[in-house]
Structure formats: structure tokens, C-alpha cells
Undergrad: 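Below you will find the structure I want to go over with you.
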Amino acid sequence: MTELRSAQWYGGDGRDAYIHRAWMRRGLPDDAFTGRPQIAIANTASDLTPCNRHLDEVARSVRDGVHEAGGIAQELPALSLGETQLRPTAMLWRNLAAMATEEMLRGNPVDGVVLLGGCDKTIPALLMAAASVDLPAVVVPGGPMLTGTFRGAPLGCGTDVWRLSEEVRAGTLSRDDFTRSESAMIRSKGHCNTMGTASTMGLLAEALGMVVPGVAGTPAPDSRLLAAAHGTGRLAVELVAADRRPSTVLTGASFHNAIVTLAAIGGSTNAVVHLLAVAGRLGIDLTLDDFDRIGSRVPVLVDLLPAGRFLMDDLHRAGGLPAVLREVRDLLDPAALTVTGRPLVDYLDDAEIWDTEVIRPRSAPLVDEGGIAVLRGNLAPRGAVIKPAAASPSLLRHRGPAVVFDSIEDLHARIDDPDLDVTADSVLVLRGCGPKGYPGMPEVSNLPLPQKLLAQGVRDMVRVCDGRMSGTAYGTVVLHVAPEAADGGPLALVRTGDVVSLDVAARRIDVEVSDDELAARSPNDATVDGYARPFRGWERLYVDHVLQADTGADLDFLLGSSGSEVSRESH
């Protein structure tokens with residue numbers, strides 16, 4: 001084995017090496033600094049990120065595995081992003097979390113890292129960091145919570161929040177019952193139990209090869225997660241010895257497999273933005289068109305909310321991700337490796353489906369062609385996305401007059417106005433919610449439906465927005481419209497009454513206004529006044545440098561990687 005990176009700190013008998021060793025002893029034996037790999041445990045646990053709170057326990061199991069394999073484990077707290085708590089949106093800090101983790105891994109005496117994430121933005125941020133610093137790395141997803149029940153029926157966290165809150169607004173569920181359901185929604189430790197972004201990104205990290213095969217999707221309270229964490233700690237030491245880095249695992253072939261997986265599991269639209277961002281850190285030429293080309297016609301096999309019926313602990317007992325991937329094995333790239341050094345497809349031979357209601361066989365899919373569809377047109381010149389599996393089939397081809405909201409505040413003020421000129425055929429348009437405009441591209445695209453239409457029994461409408469929606473959400477929603485309104489996109493020019501045309505089969509989203517008329521229009525004052533104008537701090541840096549959704553919404557100066565080299569001493 002070549003000399004460990006950490007020897008640059010600990011090797012020798014000079015003053016600086018003395019300082020590095022002496023301050024780190026704290027009960028460690030002398031040989032802790034001579035030839036034993038230093039493994040960081042990048043831990044996103046936080047009381048304010050409830051889905052990640054249990055990661056301290058997972059970290060202890062990782063630590064045990066590292067020590068058993070002869071390494072030295074060093075826990076490194078990482079910026080934690082809780083989707084349910086952070087305002088204006090956790091997405092605003094994904095790039096900051098990635099940048100901070102990258103720099104702390106690069107600047108410390110670390111030979112390899114185990115990445116602990118769960119809630120939506122934490123796994124993407126950790127993958128972005130690992131890709132940029134390119135030290136041997138492996139992910140342990142924190143896992144989903146167990147299923148809660150209310151009035152005898154299972155609750156899908158996130159999805160049933162949206163559903164039940166709309167029933168309250170429709171007058172079909174009392175506010176008291178809605179409040180009573182709250183205590184049953186979150187049954188245990190772990191992240192959302194629907195196929196939301198957290199579940200999706202944990203599974204996609206495995207499809208990318210960055211998780212030990214078969215681990216992703218293990219429920220957070222399951223003791224097998226701790227056993228897997230222990231084994232992953234041992235593997236981290238092996239990764240250092242083999243010099244197996246993210247750049248050897250995260251290849252074009254692995255992103256191909258992630259896109260196939262995203263479609264087969266009916267995963268979150270947010271994964272598009274995250275996969276593009278990770279690829280950008282590696283210099284891999286991944287585009288929106290690749291999601292349509294590779295994944296749009298892949299069948300959805302996993303019958304989970306929000307597109308289906310079941311929840312994540314059902315997926316685990318039914319055979320988990322390997323059972324899903326075995327059904328689409330012919331669509332996977334067999335060259336893609338995993339952190340174990342073996343190809344992903346090598347782990348599929350013995351995978352079985354134990355419940356064909358939860359994981360459908362290829363011959364009887366939940367949806368024949370359910371992958372993310374990429375739309376273009378004069379309303380989204382650089383693209384937009386829609387999740388057909390979570391949409392109403394009758395609305396996938398639709399024309400209707402726009403009802404435009406200039407900001408989220410405008411939406412909240414007017415959506416339930418009984419005098420709002422809106423019908424079930426209208427297209428709800430919300431702008432000013434992109435990366436620059438909000439800032440941070442919040443999960444607001446699944447707009448609430450007008451109360452008067454809910455009372456009439458309407459439960460879905462075509463909605464168009466330059467923001468994101470929760471991976472737990474559902475509906476016929478066109479989102480990630482690029483360029484966003486605040487970046488000069490045509491969404492800023494749409495007026496109430498303009499006819500919007502959606503044709504998913506043709507991959508089109510258009511406003512039926514001539515190019516000349518659109519060119520003659522200017523954004524109205526209310527739209528422009530709604531754009532974010534931060535004057536300092538991270539928000540200012542973010543707005544000045546964030547890229548658009550079609551390339552991953554990373555910061556322009558963070559594309560690519562800087563490697564793990566640190567040339568200058570600290571004393």
C-alpha cells in the first residue's frame with residue numbers, strides 16, 4: 001500500500017508532526033498514527049433534522065467496524081439540512097453543505113470517509129462533496145421510518161399530509177381529525193416512508209454504486225441497518241487500501257443505472273437536479289435529455305406512494321432494490337462498479353420478489369412507461385420535468401387558460417378567493433420560485449387547488465412552476481421550468497388567460513402566444529418585486545452564482561473537482 005495521505009500530518013519527528021499527533025492522542029495508542037487509515041465519519045445527525053437524529057447510533061456501528069478492520073475512526077459533523085424545518089428551503093443550503101464537507105475532508109488528516117445521510121438534501125450534498133474531493137468514500141443511508149396508521153389505514157408521511165390537508169379544505173375531513181392524525185404520521189426514527197426524495201436518493205446512491213448492495217432502503221429501526229453500518233466501517237478501511245475512489249465508481253455507466261432505477265422505483269423528480277449536480281462535480285456529461293432517453297420508457301415496478309399504494313418498509317420486506325433491479329437487468333449497464341469493487345449486476349442473481357403486489361414483475365408493471373419525462377417548448381426552452389406516474393392520465397394532454405400567481409404570497413392570498421376566475425380546465429401557473437427567484441428552488445410546485453374546486457370534487461389540475469415539489473407529492477405538475485422567471489425565462493411573461501398547452505407524449509409545454517408578442521412583453525412589477533434580492537451572506541453568494549435547474553442548480557464555481565491534495569502546512 002502506498003503511503004497514507006494522513007502521514008502528511010502525522011509522519012516524521014518535526015514540530016508540526018508533533019502538534020498534529022499530540023493534540024489528537026486523547027487516549028489513542030502510539031500506533032494510531034503510524035500506518036493505520038484515518039476514516040472520517042461525515043455525520044449529518046441533528047436534533048433539528050428529525051429524519052437524521054438516529055445517525056449518531058449508526059455512526060457508533062460504523063466506528064466499531066473501522067476499528068475492527070484496523071482503522072482509526074474520526075467523527076466529522078456535517079452541515080445538516082432538515083427538509084421539514086428549514087426556511088425558505090433546505091435546497092438553498094445543499095451546495096453549502098457540499099462545499100463545507102468537501103473542504104473539511106480535504107483540509108483534515110483523512111484517508112477515507114463514510115457518509116451518513118438521510119433527509120432529502122443530505123445524501124446529495126455528501127455525494128457532491130465526495131465527488132469533488134475524491135477520497136475513498138462509501139454511503140450509509142439512514143433508512144426510512146416504519147409505517148404509521150390512522151383510523152386503521154396506513155399513513156404515508158408527506159403524501160398523506162398533502163392529501164389530508166386538501167380534504168380539510170374540501171370540507172370532507174374535520175380539522176380535529178386532521179390534527180389527531182399528526183401524532184400517528186411519524187411512527188419511528190428514520191426519514192419519510194414514501195418514495196419521496198430521501199428514499200429515492202438512498203436507493204439511487206446504491207444504484208450509483210456508492211452503497212454496499214442491498215443496504216439502501218433498510219428501515220431505520222431495523223437492527224440490520226446497524227449490522228450493515230458495522231460492515232461498511234470495515235469496508236472503508238479496505239477502500240483506502242485498494243485506493244478505490246468515487247471517480248472509479250461514479251462513471252457514466254453508473255449514472256445510466258441510476259436513471260433506469262429512478263424510473264423503475266417511481267422516484268422523486270428532485271433526483272434529476274441532484275444527479276445532474278453530482279455528475280457536474282465529476283465532469284460527466286449528463287443532461288436532461290439523458291433522463292428522457294434512458295428512463296422515460298422504463299416501467300414503474302414499485303407500487304409505493306405517491307404513485308402507488310405501499311410504503312418503504314413494504315418495499316424492504318418484498319425484496320428491496322435488488323429485486324427491482326433484477327427485473328430491469330437487461331436495461332442496466334453491466335460495466336458499472338460498486339464500492340465493493342464488483343459490478344452492480346453481480347448482486348442481482350439471487351434477488352427475489354417476495355410480494356408481487358409491492359414489487360411488480362416486469363410482465364405486469366404498475367405503469368408501462370413511468371420514468372421522468374422532459375418537456376420543452378416556448379414556456380421551457382431549456383426544459384422542464386413531469387412525473388407521469390404521479391399524474392392524472394386524463395391531464396397528460398391538456399389545453400387550458402392560465403391562472404397566474406406572481407409569487408408564493410400571491411398564491412396564498414388568492415387561491416381560495418371565491419371570486420377567483422378558475423375552473424377545473426384552468427392551468428395554475430406559479431413563478432418566482434426557481435433557484436435565483438425564491439431563492440433556493442423550494443418545494444411549492446404542487447400548488448394547492450382552489451377551495452371552491454375541491455368542494456366540487458376536483459382533485460388534480462395541470463400546474464406549472466419554476467420550483468420543485470416534494471418527492472412525496474403527486475399530481476399533474478410541470479416543474480423545474482428552465483430558465484426560471486427570475487433568470488429571464490418566458491414563464492415571467494405569461495398572463496392570466498393565455499392558453500397553456502401540455503402534451504407529455506409529444507414532450508411539449510407551450511403557451512399559445514406568438515414569439516413576437518412574447519418578445520414585446522415585459523415582466524410585470526408584481527413578478528419582479530417577488531424575486532429575492534439578498535444583500536449579504538450565503539444567500540447573496542448563492543443568487544449571484546447558482547446555475548439553473550437543467551444543469552443541477554449547483555454554483556458555477558463548484559463545477560468539477562479539486563482533488564484531495566493540500567500543499568501548505570498550518571503552522
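Any value given below was found using the heavy atoms of this structure, including those in side chains, with hydrogens, waters and symmetry copies removed.
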Undergrad: Taking side chain to side chain contact (heavy atoms under 4.5 Å, CB included) as the test, write out the residues that go with Ile186, two or more places apart.
TA: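 Side chain to side chain contact (heavy atoms under 4.5 Å, CB included) list for Ile186, sorted by chain: Met145, Cys157.
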Undergrad: Between Arg414 and Asp417, is a salt bridge (Lys or Arg N to Asp or Glu O under 4.0 Å) present by the stated rule, with each step listed?
TA: CA-CA 5 Å; Arg414 295 195 293 126; Asp417 185 341; over 6 Å; no
Undergrad: As a test of understanding, state which of His191, His274, Arg468, Met469 forms a side-chain contact (heavy atoms from CB on, under 4.5 Å) with Thr197.
TA: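 The residue from His191, His274, Arg468, Met469 that satisfies side-chain contact (heavy atoms from CB on, under 4.5 Å) with Thr197 turns out to be His274.
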Undergrad: Would you mind listing every salt bridge (charged side-chain N to carboxylate O under 4.0 Å, His left out) that reaches into residues 487-496, with sequence neighbours excluded?
TA: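 Not a single pair qualifies under salt bridge (charged side-chain N to carboxylate O under 4.0 Å, His left out).
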Undergrad: Which of these, Asp355, Asp314, Asp303, sits in a salt bridge (Lys or Arg N to Asp or Glu O under 4.0 Å) with Arg309?
TA: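 One option only clears the test, and that one is Asp303.
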Undergrad: Using every non-hydrogen atom in the two residues, find where Met312 and Leu203 come nearest and quote the distance to one decimal.
TA: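 Scanning both residues, the minimum pair turns out to be CE-CD1, 4.3 Å.
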Undergrad: Using the test side-chain hydrogen bond (donor to acceptor under 3.5 Å, both in side chains), find all partners of Thr149 that sit at least two apart in sequence or belong to another chain.
TA: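 If we apply the side-chain hydrogen bond (donor to acceptor under 3.5 Å, both in side chains) test to Thr149, skipping adjacent residues, there are no hits.
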Undergrad: Taking only residues two or more places apart in sequence or in another chain, which ones pass side-chain hydrogen bond (donor to acceptor under 3.5 Å, both in side chains) with Thr200?
TA: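 Partners of Thr200 by the side-chain hydrogen bond (donor to acceptor under 3.5 Å, both in side chains) criterion come out as none, since no residue qualifies.
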Undergrad: Classify the side-chain pair Ser80/Thr44 by whether it contains a donor and acceptor separated by less than 3.5 Å.
TA: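 Thr44 and Ser80 do not have a side-chain donor-acceptor pair below 3.5 Å.
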Undergrad: Filter on salt bridge (charged side-chain N to carboxylate O under 4.0 Å, His left out), then keep only pairs touching residues 179-192, sequence neighbours left out; what's left?
TA: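 Qualifying pairs, neighbours excluded: Glu57-Lys189, Asp177-Arg180.
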Undergrad: Within this structure, what is the CG-CG distance for the pair Leu275 and Leu288, rounded to the nearest 0.5 Å?
TA: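 Answer rounded to 0.5 Å: 11.5 Å.
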Undergrad: Just to verify, which of Arg397, Arg376, Arg508 counts as forming a salt bridge (Lys or Arg N to Asp or Glu O under 4.0 Å) with Asp503?
TA: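 It is Arg397; the other options fail the test.
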Undergrad: Starting from the C-alpha separation in whole Å, work towards a yes-or-no answer on salt bridge (Lys or Arg N to Asp or Glu O under 4.0 Å) for Glu517 and Arg521.
TA: CA-CA 6 Å; Glu517 182 175 345; Arg521 290 181 180 181; 2.8 Å; yes
Undergrad: Evaluate the side-chain proximity of Val500 to Glu512: yes if any heavy-atom separation is below 4.5 Å, no if none is.
TA: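 The answer is no; the side chains never approach within 4.5 Å.
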Undergrad: Would you sort out whether Asn270 and Ser268 count as a side chain to side chain donor-acceptor pair (under 3.5 Å), showing the intermediate values?
TA: CA-CA 5 Å; Asn270 290 305; Ser268 167; 3.3 Å; yes
Undergrad: Tell me whether Leu420 at atom CG has more than 12 heavy atoms from other residues, nucleotides or ligands lying less than 6.0 Å away.
TA: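 Yes, because the 6.0 Å sphere around CG of Leu420 holds more than 12 heavy atoms from other groups.
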Undergrad: I'd like to know if the side chain of Thr159 reaches the main chain of Gly156, judged simply by a donor and an acceptor atom lying under 3.5 Å from each other, with no hydrogens or angles considered.
TA: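 No; judged by distance alone, with no hydrogens or angles, the pair does not exist.
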Undergrad: Output the distance between atom CH2 (Trp93) and atom OH (Tyr542), rounded to the nearest 0.5 Å.
TA: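 Those atoms lie 10.0 Å apart.
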Undergrad: Considering residues at least two apart in sequence or located in another chain, which fulfil the side-chain hydrogen bond (donor to acceptor under 3.5 Å, both in side chains) criterion with Ser188?
TA: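 Result, side-chain hydrogen bond (donor to acceptor under 3.5 Å, both in side chains) vs Ser188: none returned.
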Undergrad: Looking only at non-hydrogen atoms, find the nearest pair between Ala125 and Ala97 and report the distance.
TA: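 Nearest pair, atom of Ala125 first, then Ala97: CB-CB, 3.8 Å.
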Undergrad: Would you say the side chain of Thr551 lies within less than 4.5 Å of the side chain of Leu276, judging by non-hydrogen atoms?
TA: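 Result no, sub-4.5 Å side-chain heavy-atom pair not found.
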Undergrad: Determine the sole option in Leu325, Val328, Ile353, Leu366 for which the side-chain contact (heavy atoms from CB on, under 4.5 Å) test with Leu301 is passed.
TA: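 When Leu325, Val328, Ile353, Leu366 are each tested with Leu301, the side-chain contact (heavy atoms from CB on, under 4.5 Å) holds only for Val328.
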Undergrad: Using a 6.0 Å cut-off, check whether atom CG of Asp421 has over 12 heavy atoms from anything other than its own residue.
TA: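 Atom CG in Asp421 is not packed in, count stays at 12 or less.
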Undergrad: One pair to check against salt bridge (Lys or Arg N to Asp or Glu O under 4.0 Å): Arg317 and Asp313. What are the steps and the verdict?
TA: CA-CA 6 Å; Arg317 68 171 173 79; Asp313 51 350; over 6 Å; no
Undergrad: Atom CZ of Arg297 and atom CG of Asp292: how far apart are they, to the nearest 0.5 Å?
TA: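 Reported to 0.5 Å precision, the distance equals 6.5 Å.
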Undergrad: Could you tabulate the donor-acceptor pairs under 3.5 Å formed by side-chain atoms of residues 424-433, not counting sequence neighbours?
TA:
{"from": "Ser426", "atom 1": "OG", "to": "Thr423", "atom 2": "N", "distance (Å)": "3.0"}
{"from": "Ser426", "atom 1": "OG", "to": "Thr423", "atom 2": "O", "distance (Å)": "3.3"}
{"from": "Arg431", "atom 1": "NE", "to": "Asp406", "atom 2": "OD1", "distance (Å)": "3.1"}
{"from": "Arg431", "atom 1": "NE", "to": "Thr527", "atom 2": "OG1", "distance (Å)": "3.0"}
{"from": "Arg431", "atom 1": "NH1", "to": "Leu491", "atom 2": "O", "distance (Å)": "2.9"}
{"from": "Arg431", "atom 1": "NH1", "to": "Ala492", "atom 2": "O", "distance (Å)": "3.4"}
{"from": "Arg431", "atom 1": "NH1", "to": "Val494", "atom 2": "O", "distance (Å)": "2.7"}
{"from": "Arg431", "atom 1": "NH2", "to": "Asp406", "atom 2": "OD1", "distance (Å)": "2.7"}
{"from": "Arg431", "atom 1": "NH2", "to": "Val494", "atom 2": "O", "distance (Å)": "3.4"}
{"from": "Arg431", "atom 1": "NH2", "to": "Thr527", "atom 2": "OG1", "distance (Å)": "3.2"}

Undergrad: Which distance, rounded to the nearest 0.5 Å, do you find between the CD1 of Ile259 and the CG of Leu332?
TA: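 The distance works out to 12.0 Å.
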Undergrad: Return the CD1 to OG distance between Ile123 and Ser199, rounded to the nearest 0.5 Å.
TA: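 Rounded to the nearest 0.5 Å, the CD1-OG separation comes to 9.5 Å.
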Undergrad: For residues Met185 and Val161, report the shortest heavy-atom separation together with the two atoms involved.
TA: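 Looking at all heavy atoms of both residues, the shortest contact is CE-CG2, 3.8 Å.
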Undergrad: Please name all residues satisfying side-chain hydrogen bond (donor to acceptor under 3.5 Å, both in side chains) with Gln548, sequence neighbours left out, ordered by chain then number.
TA: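 Here the qualifying residues are Glu484.
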Undergrad: Identify, with sequence neighbours excluded, every residue that meets side chain to side chain contact (heavy atoms under 4.5 Å, CB included) alongside Arg329.
TA: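 For Arg329 the side chain to side chain contact (heavy atoms under 4.5 Å, CB included) partners, ignoring immediate neighbours, are Val345, Leu348, Asp349.
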Undergrad: With sequence neighbours left out, what residues match Ala184 under side chain to side chain contact (heavy atoms under 4.5 Å, CB included)?
TA: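 Side chain to side chain contact (heavy atoms under 4.5 Å, CB included) check on Ala184 returns Phe150, Leu155.
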Undergrad: How long is the gap from CD1 on Ile359 to CG on Leu315, to the nearest 0.5 Å?
TA: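 Answer rounded to 0.5 Å: 5.0 Å.
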Undergrad: Distance only, no hydrogens: is a donor on one side chain within 3.5 Å (strictly under) of an acceptor on the other, for Asp556 and His545?
TA: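 Yes, because at least one side-chain N or O of Asp556 sits under 3.5 Å from a partner of the opposite role on His545.
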Undergrad: Does Glu443 pair with Lys121 as a salt bridge, N-O distance under 4.0 Å?
TA: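 Result for this pair is yes, salt bridge flagged.
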Undergrad: Closest heavy-atom contact between Tyr474 and Pro306?
TA: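 Answer, listing the atom of Tyr474 first, then Pro306: CB-CB, 4.1 Å.
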Undergrad: Looking at Gly552 and Arg94, what are the two nearest heavy atoms and their distance?
TA: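 Smallest heavy-atom distance, with atoms named: O-NH2, 2.7 Å.
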Undergrad: Does any part of the side chain of Val211, heavy atoms only, come nearer than 4.5 Å to the side chain of Pro141, both counted from C-beta?
TA: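 Pro141 reaches Val211 side chain to side chain.
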Undergrad: Enumerate donor-acceptor pairs with a distance under 3.5 Å from any side-chain N or O in residues 377-395 to protein atoms, sequence neighbours excluded.
TA:
{"from": "Asn378", "atom 1": "OD1", "to": "Val511", "atom 2": "N", "distance (Å)": "2.8"}
{"from": "Asn378", "atom 1": "ND2", "to": "Val511", "atom 2": "O", "distance (Å)": "2.9"}
{"from": "Arg382", "atom 1": "NE", "to": "Asp550", "atom 2": "OD2", "distance (Å)": "3.1"}
{"from": "Arg382", "atom 1": "NH2", "to": "Asp550", "atom 2": "OD1", "distance (Å)": "2.9"}
{"from": "Arg382", "atom 1": "NH2", "to": "Asp550", "atom 2": "OD2", "distance (Å)": "3.4"}
{"from": "Lys387", "atom 1": "NZ", "to": "Gly266", "atom 2": "O", "distance (Å)": "2.8"}
{"from": "Lys387", "atom 1": "NZ", "to": "Gly267", "atom 2": "O", "distance (Å)": "3.2"}
{"from": "Ser392", "atom 1": "OG", "to": "Asp460", "atom 2": "OD2", "distance (Å)": "2.5"}

Undergrad: Compare every heavy atom of Pro365 with every heavy atom of Arg360, then report the nearest pair and how far apart it is.
TA: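 Closest heavy-atom pair between Arg360 and Pro365: NH1-O, 3.8 Å.
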Undergrad: Check side chain to side chain contact (heavy atoms under 4.5 Å, CB included) between Leu559 and all other residues, then give those that pass, not counting sequence neighbours.
TA: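 For Leu559, the residues satisfying side chain to side chain contact (heavy atoms under 4.5 Å, CB included) (neighbours in sequence not counted) are Leu547, Asp554.
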Undergrad: Report yes if some heavy atom in the side chain of Asp290 is under 4.5 Å from a heavy atom in the side chain of Phe255; otherwise report no.
TA: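 Contact flag for Asp290/Phe255 side chains = no.
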